[in-house]
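The block underneath contains the structure these notes are about, expressed in structure tokens.
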Amino acid sequence: QVQLVESGGGLVQAGGSLRLSCAASGRTFSSLAMGWFRQAPGKEREFVAAISRSGSSTYYAYSVNDRFTISRDNAKNTVYLQMNSLIPEDTAVYYCAADSSRGELGSQRYEYDYWGQGTQVTVSA
């Protein structure tokens, strides 16, 4: 019983930055581990980043490590994805996800219980 709403997507040039936000409601936010996934046209949805309930632990896909940063503000029930040094290969619909039961950071779709509607990120060359 969690609702997630992403925002902040848009069109940026390669090398630019963008920050995505995901607002959660329906359950105590601090009880949820959170993740970001993305799906490009013709491809499977892939893991991007995850963050623990307290925000003390993070995990990134190799393709975005050192460029993206996941963070959360439990007082605002919001998780963020700061994306820097964007490249055209980052173009995708980005989805926010919540894990209400798993204690460790997950990188697989089945490990998350709730999903947002997605927000489009387009990076031009």
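Within 6.0 Å of the OH atom in Y59, the count of heavy atoms belonging to other residues, nucleotides or ligands does not exceed 12.
Under a 3.5 Å cut-off, the side chain of S52 and the backbone N or O of S57 do form a donor-acceptor pair. Judged by distance alone, the side chain of Y112 and the main-chain N or O of C96 form no donor-acceptor pair under 3.5 Å. Listed for the R19 side chain is no donor-acceptor partner under 3.5 Å among the backbone atoms of G9.
In this structure, the side chains of Y62 and D66 stay at 4.5 Å or more apart for every pair of heavy atoms. Counting heavy atoms from C-beta outward, T91 and Q120 have side chains that approach closer than 4.5 Å. Annotation: side chain of R45 is not in contact with side chain of V93 (no heavy-atom distance under 4.5 Å). The shortest distance between side-chain heavy atoms of V12 and T122 does not fall below 4.5 Å. Counting heavy atoms from C-beta outward, D113 and Q1 have side chains that stay 4.5 Å or more apart. No side-chain heavy atom of D99 sits under 4.5 Å from any side-chain heavy atom of L32. Side-chain contact check for Q117 versus E6: some heavy-atom pair is nearer than 4.5 Å. At least one side-chain heavy atom of F29 sits less than 4.5 Å from a side-chain heavy atom of M34.
When each of Y95, Y110, W115 is checked for a ring-ring contact (aromatic ring centres under 6.0 Å, His included) with F37, only W115 meets the rule.
Remark: the T78 side chain and the D73 side chain contain no N/O donor-acceptor pair separated by less than 3.5 Å. N74 and R72 share a side-chain donor-acceptor pair at under 3.5 Å. Of the N and O atoms on the side chains of S54 and S56, at least one donor lies less than 3.5 Å from an acceptor on the other residue.
The structure places CG of N84 at 8.5 Å from CZ of F68, a figure rounded to the nearest 0.5 Å. L18 contributes atom CG, which lies 9.5 Å from atom CG of L11 (distance to the nearest 0.5 angstrom).
Hydrophobic clustering (ILVMFWY, side-chain heavy atoms < 4.5 Å, transitive): L105 and V79 are in distinct clusters. Two different hydrophobic clusters hold V48 and Y80 under the rule that ILVMFWY side chains link at heavy-atom gaps under 4.5 Å. Under a hydrophobic-cluster definition in which Ile, Leu, Val, Met, Phe, Trp and Tyr are linked whenever side-chain heavy atoms come within less than 4.5 Å, directly or via other members, F47 and Y94 are assigned to different clusters.
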Q: Step by step, work out the side-chain contact (heavy atoms from CB on, under 4.5 Å) result for L20 and W36.
A: CA-CA 10 Å; L20 305 182; W36 286 96; 3.7 Å; yes
Q | Worked check of side-chain contact (heavy atoms from CB on, under 4.5 Å) between D90 and R38 | A | CA-CA 9 Å; D90 295 320; R38 67 186 183 185; 2.9 Å; yes
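Shortest non-hydrogen contact noted between L4 and A24 is CD2-CB, 3.6 Å. Closest heavy-atom contact between Q82 and S17: NE2-CB, 3.9 Å. Smallest separation of non-hydrogen atoms from Y60 and A49: CD2-CB, 3.6 Å. Between A50 and G106, the shortest heavy-atom distance links the atoms CB-O, 3.9 Å. Closest non-hydrogen pair, A92 versus A40, comes out as CB-N, 3.8 Å. When all heavy atoms are compared, the tightest approach of A125 to A14 is CA-CB, 4.3 Å.
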